[in-house]
K.L.:
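Following this message is one structure expressed as structure tokens.
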2 protein chains.
Amino acid sequence: MKGNVIVGQSGGPTAVINSSLAGVYKTAMERGYSKVYGMRYGIQGFLDEQYIDLSDHIRNELDLELLKRTPSAFLGTCRYKLPEIHEDKSVYERIFELLDKLKIEVFIYIGGNDSMDTIKKLTDYSLLTGAKQKFVGCPKTIDNDLAITDHTPGFGSAAKYIATSTKEIIRDAMGFSYKKKNVNIIEIMGRNAGWLTGAAALCASEDCEGPDLIYLPEVTFDIDSFVAKIKKLLEKKDVVVAVVSEGIRTKDGRYVCENSAGSETTDAFGHIQMTGTASYLAGVVQRELGCKTRAVELSTLQRAAAHLASKIDVDEAFNVGGACVKAADEGSTGVMVVIERMSDDPYQSSTGVYDVHRIANDEKIVPREWINKAGDYVNEEFLDYVRPLIQGQYSPMMVEGLPRHLTMNLKNYEWTKGH
Amino acid sequence: MKGNVIVGQSGGPTAVINSSLAGVYKTAMERGYSKVYGMRYGIQGFLDEQYIDLSDHIRNELDLELLKRTPSAFLGTCRYKLPEIHEDKSVYERIFELLDKLKIEVFIYIGGNDSMDTIKKLTDYSLLTGAKQKFVGCPKTIDNDLAITDHTPGFGSAAKYIATSTKEIIRDAMGFSYKKKNVNIIEIMGRNAGWLTGAAALCASEDCEGPDLIYLPEVTFDIDSFVAKIKKLLEKKDVVVAVVSEGIRTKDGRYVCENSAGSETTDAFGHIQMTGTASYLAGVVQRELGCKTRAVELSTLQRAAAHLASKIDVDEAFNVGGACVKAADEGSTGVMVVIERMSDDPYQSSTGVYDVHRIANDEKIVPREWINKAGDYVNEEFLDYVRPLIQGQYSPMMVEGLPRHLTMNLKNYEWTKGH
């Protein structure tokens with residue numbers, strides 16, 4: 001008789017992060033584990049003994065399908081950095097005490113770079129103490145900045161949302177262009193990696209010109225050159241669309257958004273929360289060129305728009321979740337499951353495992369050769385890489401005209417009292 | 001043998017404005033009109049003799065279905081106000097000369113309040129001069145602020161997009177709430193009428209709490225009271241979501257967004273272009289309450305997100321377009337087609353016609369009794385009114401992972417040379 005599995009979600013959510021959760025649950029059940037627990041709010045909630053039995057919430061196949069279509073972290077998420085083992089052993093003692101109490105054999109953490117750091121530290125501690133649990137990282141991030149894996153679950157759906165929204169925004173702008181030029185600046189998430197920003201170019205197709213300019217954070221941004229390029233484009237056309245990453249920086253190393261009036265805060269990992277790049281640049285263009293400008297920030301919806309998830313992405317997220325259980329069940333620990341691209345055309349992928357010590361905190365950025373020489377657009381290689389990941393739809397389950405999500409009923413849990 | 005029909009689009013587009021165009025085209029063909037011309041960029045482009053023959057672009061039923069799913073103004077739009085007849089007759093002479101030249105019998109203008117003003121003036125001029133053309137207004141606006149008609153085509157799809165996005169944003173925020181409260185402020189379009197802002201409440205359902213506070217422009221906004229209410233809510237819950245109209249004003253009559261750093265411009269009708277309300281309020285909340293805040297502006301996508309259009313809305317837009325042709329064909333002029341609600345449950349609607357002189361420039365706002373006493377939420381009556389309008393989906397036609405739109409091939413048109 002096998003023991004139990006526990007799974008947590010950490011960091012920024014994605015449209016398909018719960019599909020990985022569904023994959024973990026289904027595979028664990030099929031492989032004969034007794035229970036699958038879910039940590040509430042990742043390791044942070046777990047430290048406060050907040051967890052649920054997932055079978056109380058996934059009662060049938062319909063619930064499982066709903067979970068795959070539910071955005072945000074179903075279990076709740078956190079940004080909580082474990083201390084170094086030598087700094088504070090008590091946190092680790094507490095975690096392993098709880099794991100023992102719950103008869104956990106497999107610990108799966110769904111997250112990005114920071115979460116793989118958690119898997120690494122827990123594995124290290126288990127090796128130091130001889131604890132028997134297996135620790136497996138399940139990749140997710142819309143940013144696609146995890147090394148080793150071909151891409152991350154969550155990226156494809158965000159890319160699909162961005163390409164669709166960019167196409168709709170371009171179309172909208174085109175309708176207004178008579179005798180009145182307009183400049184549109186769209187701001188996309190991605191602090192240091194331009195994968196999502198570049199994905200906007202996917203909308204260039206038979207029925208859409210696509211954006212005119214795309215600026216990734218991998219290339220130093222020059223405001224004067226930006227304005228000059230727009231000015232030149234406006235000589236030939238009435239509508240100009242530029243897509244910029246929230247993380248673009250000028251050559252002095254300052255984020256462009258640092259010029260904006262918006263507030264500036266940092267999260268638990270010390271990352272700057274960024275916003276206002278498009279709106280700042282729109283102001284500059286309007287001042288310098290005197291034409292109508294519009295700034296659009298796609299914001300939270302990039303990671304939450306489950307209604308437009310990519311089928312490839314939902315399925316891969318599910319498979320990666322399942323592969324985490326399989327890896328642990330077959331004896332692996334201290335690994336992250338990765339996606340391997342088997343073929344580009346037709347697109348085929350598979351999963352593998354990789355030592356988490358070689359992955360954590362290593363950010364994968366867009367190769368310079370996938371960006372054009374001028375640094376203002378992505379190349380065909382980039383598009384060939386991304387295009388397969390946005391294919392297909394998971395139609396939302398619509399109830400009363402809106403997508404239905406799976407919810408959690410917590411009223412029977414002792415720890416929710418008085419919370 | 002009947003003569004020709006001409007149709008134009010004016011003002012801000014909607015996700016379904018082209019469904020009305022499709023309805024005009026299909027009904028005109030079925031009723032035996034020879035040609036259906038489309039004005040490029042409304043009356044403004046038409047004055048420059050920019051028009052197309054729609055049959056060059058709608059070649060088959062597939063094109064017609066694609067057109068129904070294409071956002072933004074397929075023909076291009078304008079914000080162009082005709083002069084009063086006594087101020088400048090030459091514009092009118094020019095228009096009627098072109099109408100005669102093209103053998104136009106029916107002139108249909110798809111638009112909002114400002115477009116109905118165009119229909120009124122053209123009708124008046126035709127009555128003064130004995131011109132035989134019929135002029136019919138086809139309502140559209142996401143704002144739903146047209147009088148007489150039960151609601152306007154375009155509103156339902158925008159409401160569906162807003163309710164879906166609000167639900168996804170709330171869900172995203174809930175995942176982050178552990179030991180860290182967060183306040184989310186969502187900004188919705190609607191200058192003077194709060195129909196769209198109120199529609200965010202539709203997401204309150206079995207699987208979503210919905211927003212906590214909703215502020216419509218119909219009620220004077222008080223910043224101190226807003227902050228106090230959020231503070232009180234934060235005592236009881238970890239996530240607070242407020243939805244605000246871009247058009248909320250404080251008691252001195254100033255728009256809240258006038259406090260923001262964003263630029264301020266006016267369109268051809270003298271309307272202020274507004275933005276920055278949510279971001280300004282988020283700054284105030286962060287300063288006063290010290291908690292994590294996030295501002296999300298749904299922006300252009302509210303009117304362009306055809307990928308999430310409501311089936312009721314697409315079908316009604318199509319029917320209203322068809323009814324415009326029918327009205328003119330049966331002898332009406334100087335009218336706007338209106339939607340009449342025949343039944344609430346089950347929802348049924350029909351079309352009627354109404355004298356455009358009694359409609360133009362009369363803005364329909366949300367009745368005070370459909371807003372709660374505190375002025376911070378909508379009532380059940382409001383929800384019962386809006387809910388039927390977001391029902392059903394028109395699934396986008398996906399090509400390579402993205403919604404396909406109908407495009408126009410202009411290379412055979414003389415007037416596009418050198419443009």
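Just so we're on the same page: letters track the sequence lines, and every chain starts at 1.
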K.L.:
Among A/I390, A/V296, A/I312, who wins on heavy-atom pairs under 4.5 Å with chain B?
P.N.:
A/I390
K.L.:
So, do A/K179 and B/Y41 sit near enough that their side-chain heavy atoms are less than 4.5 Å apart?
P.N.:
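When only atoms from C-beta onward are counted, B/Y41 and A/K179 do not touch, as no gap falls below 4.5 Å.
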K.L.:
Could you tell me which portion of B/S310 (side chain, backbone, both or neither) has an atom closer than 4.5 angstrom to a non-hydrogen atom of chain A?
P.N.:
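Neither part; nothing is under 4.5 Å.
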K.L.:
Below 4.5 Å from any heavy atom of chain A, which atoms of B/L298 appear? Answer side chain, backbone, both or neither.
P.N.:
side chain
K.L.:
Taking atom types as modelled, is there a side-chain donor on A/Y178 or B/T77 under 3.5 Å from an acceptor on the other?
P.N.:
no
K.L.:
At a heavy-atom distance under 4.5 Å, which candidate from B/Q393, B/R171, B/Q391 has the highest pair count against chain A?
P.N.:
B/R171
K.L.:
Using only atom types and a distance under 3.5 Å, with no angle test, would you say the side chain of A/E168 pairs donor to acceptor with the backbone of B/H307?
P.N.:
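At least one qualifying donor-acceptor pair exists.
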K.L.:
Of the backbone (N, CA, C, O) and the side chain (C-beta and beyond), which part of B/R287 lies under 4.5 Å from a heavy atom of chain A, both, or neither?
P.N.:
neither
K.L.:
For the backbone of A/P403 and the side chain of B/K167, can you confirm whether one donor and one acceptor N or O come within less than 3.5 Å of each other?
P.N.:
yes
K.L.:
Considering only heavy atoms and a distance below 4.5 Å, find which of A/A15, A/S299, A/S395, A/A73 pairs most often with chain B.
P.N.:
A/S299
K.L.:
So B/E400 and A/E206, do their side chains get closer than 4.5 Å, heavy atoms only?
P.N.:
no
K.L.:
Highest number of heavy-atom pairs under 4.5 Å with chain A: which of B/A306, B/C208, B/G42?
P.N.:
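Most pairs with chain A among the choices: B/A306.
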K.L.:
Looking at A/L301, A/L202, A/T70, which has the largest count of heavy-atom pairs under 4.5 Å with chain B?
P.N.:
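Heavy-atom pair counts peak at A/L301.
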K.L.:
Measure from the side-chain N and O atoms of A/D207 to the backbone N and O of B/H405, and report whether any donor-acceptor pair falls under 3.5 Å.
P.N.:
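A pair under 3.5 Å: yes.
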K.L.:
Identify which of B/L402, B/T407, B/N184, B/I169 forms the greatest number of heavy-atom pairs closer than 4.5 Å to chain A.
P.N.:
B/L402
K.L.:
Tell me which of these, A/R387, A/K311, A/R303, has more heavy-atom pairs under 4.5 Å with chain B than the rest.
P.N.:
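Top count of heavy-atom pairs under 4.5 Å with chain B: A/R303.
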K.L.:
First locate atom OG1 of B/T300, then atom CD1 of A/I186, and finally report the distance between them rounded to the nearest 0.5 Å.
P.N.:
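B/T300 OG1 to A/I186 CD1: 8.5 Å, rounded to 0.5 Å.
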K.L.:
Need one label for B/L308: side chain, backbone, both or neither, based on atoms under 4.5 Å from any heavy atom in chain A.
P.N.:
side chain
K.L.:
My understanding is that only residues two or more places apart in sequence, or in another chain, count here; which of them pass side chain to side chain contact (heavy atoms under 4.5 Å, CB included) with A/A204?
P.N.:
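Here the qualifying residues are A/Y377.
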K.L.:
Which one wins on heavy-atom pair count under 4.5 Å against chain A: B/Q9, B/R294, B/M174, B/M408?
P.N.:
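It is B/R294.
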K.L.:
Does some side-chain heavy atom of A/P13 sit less than 4.5 Å from a side-chain heavy atom of B/F176?
P.N.:
yes
